[in-house]
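Basis for what follows: all heavy atoms, side chains included, without hydrogens, waters or symmetry-related copies. Each chain gets a letter, A, B and so on, in the order its sequence line appears, and its residues count up from 1. As the structure is a prediction and not an experimental result, all values here were calculated from the model.
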There are 2 protein chains.
Amino acid sequence: MKATIYDVAKEAGVSIATVSHVINGKGKISKERREEIRRIMVRMGYKPSMIASALTGKKTYALGLLVPDISNPFFAEIARAVEDEGQRHGYSVFICSTDNKDEKVEHYAALLQQKNVDGVIIGTGLKELSALDPLLHGGIPTAFLAREIPSAQVPSVVVDDHAGGAAAAAHLIALGHRKFAVLAEEESVSSSRERVRGFRQTLAAAGIVLDPALVRSSGMKESMNQALELLQGDDRPTAIFCCNDMLAIGALRAAKQLGLRIPRDCSIVGFDDTVLASVTDPPLTTIAQPIEQMGQTVVRLLVRLIEQPEERPERIVLTPALSIRQSAASRPPE
Amino acid sequence: MKATIYDVAKEAGVSIATVSHVINGKGKISKERREEIRRIMVRMGYKPSMIASALTGKKTYALGLLVPDISNPFFAEIARAVEDEGQRHGYSVFICSTDNKDEKVEHYAALLQQKNVDGVIIGTGLKELSALDPLLHGGIPTAFLAREIPSAQVPSVVVDDHAGGAAAAAHLIALGHRKFAVLAEEESVSSSRERVRGFRQTLAAAGIVLDPALVRSSGMKESMNQALELLQGDDRPTAIFCCNDMLAIGALRAAKQLGLRIPRDCSIVGFDDTVLASVTDPPLTTIAQPIEQMGQTVVRLLVRLIEQPEERPERIVLTPALSIRQSAASRPPE
DNA sequence: CTGAAAGCGCTTACAG
DNA sequence: CTGAAAGCGCTTACAG
């Protein structure tokens with residue numbers, strides 16, 4: 001069987017308290033004894049059980065990461081950044097895909113609380129904040145990533161989505177476009193709402209009105225159909241702003257199906273700049289989120305919150321950047 | 001503070017043993033009492049601490065998933081399937097990206113053992129099996145996914161990589177190709193070796209010799225350079241078989257950089273059929289792995305091993321399928 | 001049908 | 001400098 005603290009204590013002829021002290025580098029132990037016990041631990045292949053120490057010492061060194069879908073490249077890239085930074089601080093991470101469904105959020109929230117994780121990162125949308133009750137009431141440190149709930153007093157790292165939408169609009173306007181459509185995510189996703197708002201405002205500032213009928217909300221699955229409708233209407237838009245790269249790919253597919261050439265017949269701008277953006281046909285012009293930095297930053301925020309719960313929650317805003325490839329070009333001549 | 005089993009026992013006027021029994025549906029408890037205690041639990045918002053029960057009841061209901069890189073779409077999709085199936089059986093999953101480095105494998109193996117996970121899925125390559133010692137010796141149920149170590153007596157679910165490589169070769173031969181190159185993963189990755197072997201054998205059976213100088217191993221980063229070399233040599237191959245979709249994308253980029261048209265000037269076949277394959281330019285003809293089925297199957301295998309350790313390890317082979325898109329076409333006329 | 005008690009593998013005051 | 005003992009929140013024989 002696996003060695004326990006009792007086994008090494010017996011082997012070393014000391015009490016388990018002493019062994020515990022050398023494990024944790026606490027108490028005053030003579031140098032020789034400490035070394036001796038260390039040697040015995042490695043010889044016996046002893047590793048303290050984290051679950052036993054969690055039951056006493058409090059921490060489990062586990063974090064939960066809630067995202068809509070880990071198989072979505074954007075969140076997969078976020079997850080990697082979170083994993084790496086977590087690792088750096090000694091934490092492992094549980095993946096939790098919610099499909100943006102409150103029931104799943106609630107289920108995972110309860111589960112993570114039962115598992116006594118030290119903290120959780122919320123990178124998923126939710127309709128009712130109450131889905132997070134098990135966490136918030138359970139007193140589990142929580143940080144928001146790329147989403148936020150204005151009312152909640154929790155730290156968050158967000159990207160300036162409004163600025164991102166504005167950047168997309170400015171770029172398209174500069175290319176001469178005047179007639180736009182938008183492919184947005186579901187209404188409940190605050191980041192998507194902000195992107196549209198930034199896009200619309202920048203258009204307005206240029207004296208262009210965004211026709212509400214040409215702003216469509218949809219999941220990944222239906223984005224192609226929505227795009228087909230937009231591209232088939234008479235008075236077709238010359239540019240489509242999509243609130244993430246997957247939606248943009250739906251638009252690209254719709255265009256291809258209709259025999260339209262991108263960007264000649266219609267410009268398309270995405271958002272996220274995941275690996276997908278660089279492999280599409282044509283490569284996507286998109287608003288890049290600083291994915292690695294986002295993951296690193298939330299973890300740091302969360303770890304600080306875990307270690308110093310008294311500090312007031314921070315809100316960190318990162319800036320997206322226009323990444324120009326080939327899916328957006330000058331407006332076609334009339 | 002959070003309610004404990006003592007709190008609900010006191011509230012109900014019974015012993016903690018009785019509460020424990022109703023939680024676990026064990027022992028004989030009068031129906032009324034059982035219901036009463038249930039009500040009290042929900043009223044107090046009581047959820048048993050999984051870490052306390054793990055310390056006694058044995059199981060943590062946590063699984064580890066080792067993959068080279070969770071941000072790689074193939075493994076992200078695997079992770080989602082594993083998460084979902086794990087969830088179905090009551091398990092949560094820790095993500096562990098190893099970058100195919102033995103040190104990281106070993107680090108995670110030790111960590112997962114310390115965390116007392118109930119089982120781990122190895123979906124990563126490794127050079128030395130000994131990196132898994134903490135798991136194998138620690139008696140932690142382990143299953144291999146998409147990789148395997150012949151010597152290890154552990155269950156595994158693999159795809160018939162040899163057949164996949166053969167299918168790619170057969171398709172390209174049927175299209176009239178005779179001069180091939182291969183972009184493979186690192187030598188240590190057994191699945192990649194098998195794919196090349198299947199490819200080579202099928203060529204051989206058709207009387208075609210695969211020039212060893214045209215078989216290149218590389219990571220994702222260098223694949224484009226390798227492809228550039230292959231495509232720039234005199235006597236350029238008319239088709240390149242790539243051992244995963246990312247490598248194929250490297251080849252696509254190299255071709256584009258050289259001004260070559262795919263598939264007119266060179267056919268490219270990938271492997272995996274992740275989301276990437278459908279968004280490239282042109283869409284990738286590739287060998288599809290049954291990703292969802294793979295994830296589901298390993299989890300089932302592992303769960304069975306956890307619950308019935310005495311059963312002998314199974315080895316399940318799933319079959320890949322050619323997924324035809326537009327990156328491979330008839331050999332250009334001489 | 002229900003409870004007292006030991007134990008899981010640790011940590012942490014508290015004594016000495 | 002080191003150890004005895006209580007306790008973390010549960011589960012599980014064992015009695016009754």
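Spacing between atom CD of B/Q114 and atom P of C/dG9 amounts to 15 Å, rounded to whole angstrom units. Distance, A/I16 CD1 to D/dA6 P: 13 Å, rounded to whole Å. Atom CD1 in A/I5 sits about 13 Å away from atom C1' in C/dC8, given to the nearest Å. In this structure, B/I23 places its CD1 atom 15 Å from P of C/dT2, rounding to the nearest Å. Following rounding to the nearest Å, A/Y46 (OH) and C/dC10 (P) show an atom-to-atom distance of 3 Å. As a whole-Å value, the separation of A/H21 NE2 from D/dC1 P is 14 Å. Rounded to a whole Å, the CE atom of A/M50 is 21 Å from the P atom of C/dC8. Rounded to whole Å, the distance from CG on A/N24 to P on C/dA13 is 12 Å.
Across the strands present, D/dG16 finds its partner in C/dC1; the criterion is a Watson-Crick or G-U wobble pair with both atom distances under 3.5 angstrom.
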List the steps, then state whether salt bridge (Lys or Arg N to Asp or Glu O under 4.0 Å) holds for B/E77 with B/R80. CA-CA 5 Å; B/E77 291 175 31; B/R80 179 51 136 108; over 6 Å; no

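Residues A/M44 and A/D7 come closest through the heavy atom pair CE-CB, 3.8 Å.
The residue among B/T56 and A/S20 whose nearest nucleotide of DNA chain C is located toward the 5' end is B/T56. Sequence order on DNA chain D of the closest nucleotides to A/T18 and B/V19 puts A/T18 first from the 5' end.
The side chain of A/A17 has D/dG3 as its nearest neighbour among D/dG3, C/dG3, C/dT11. Ranking C/dC10, C/dT12, D/dT12 by closeness to the A/T4 side chain, first place goes to C/dC10. When distances are taken from the side chain of B/L55 to each of D/dT12, D/dC10, D/dG9, the shortest belongs to D/dG9.
B/I51 comes within contact range of no nucleotide atom at all, as no heavy-atom separation falls under 4.0 Å.
One finds the OG atom of A/S53 at 11.0 Å from the NZ atom of A/K59 (value rounded to the nearest 0.5 Å).
A donor-acceptor contact shorter than 3.5 Å links the side chain of B/E83 to the backbone of A/S97.
Defined by atom type and a distance below 3.5 Å, a donor-acceptor pair is missing between the side-chain atoms of A/H107 and A/E103.
Judged by distance alone with a 3.5 Å cut-off, a donor-acceptor contact links the side chain of A/Y6 to the base of C/dC10.
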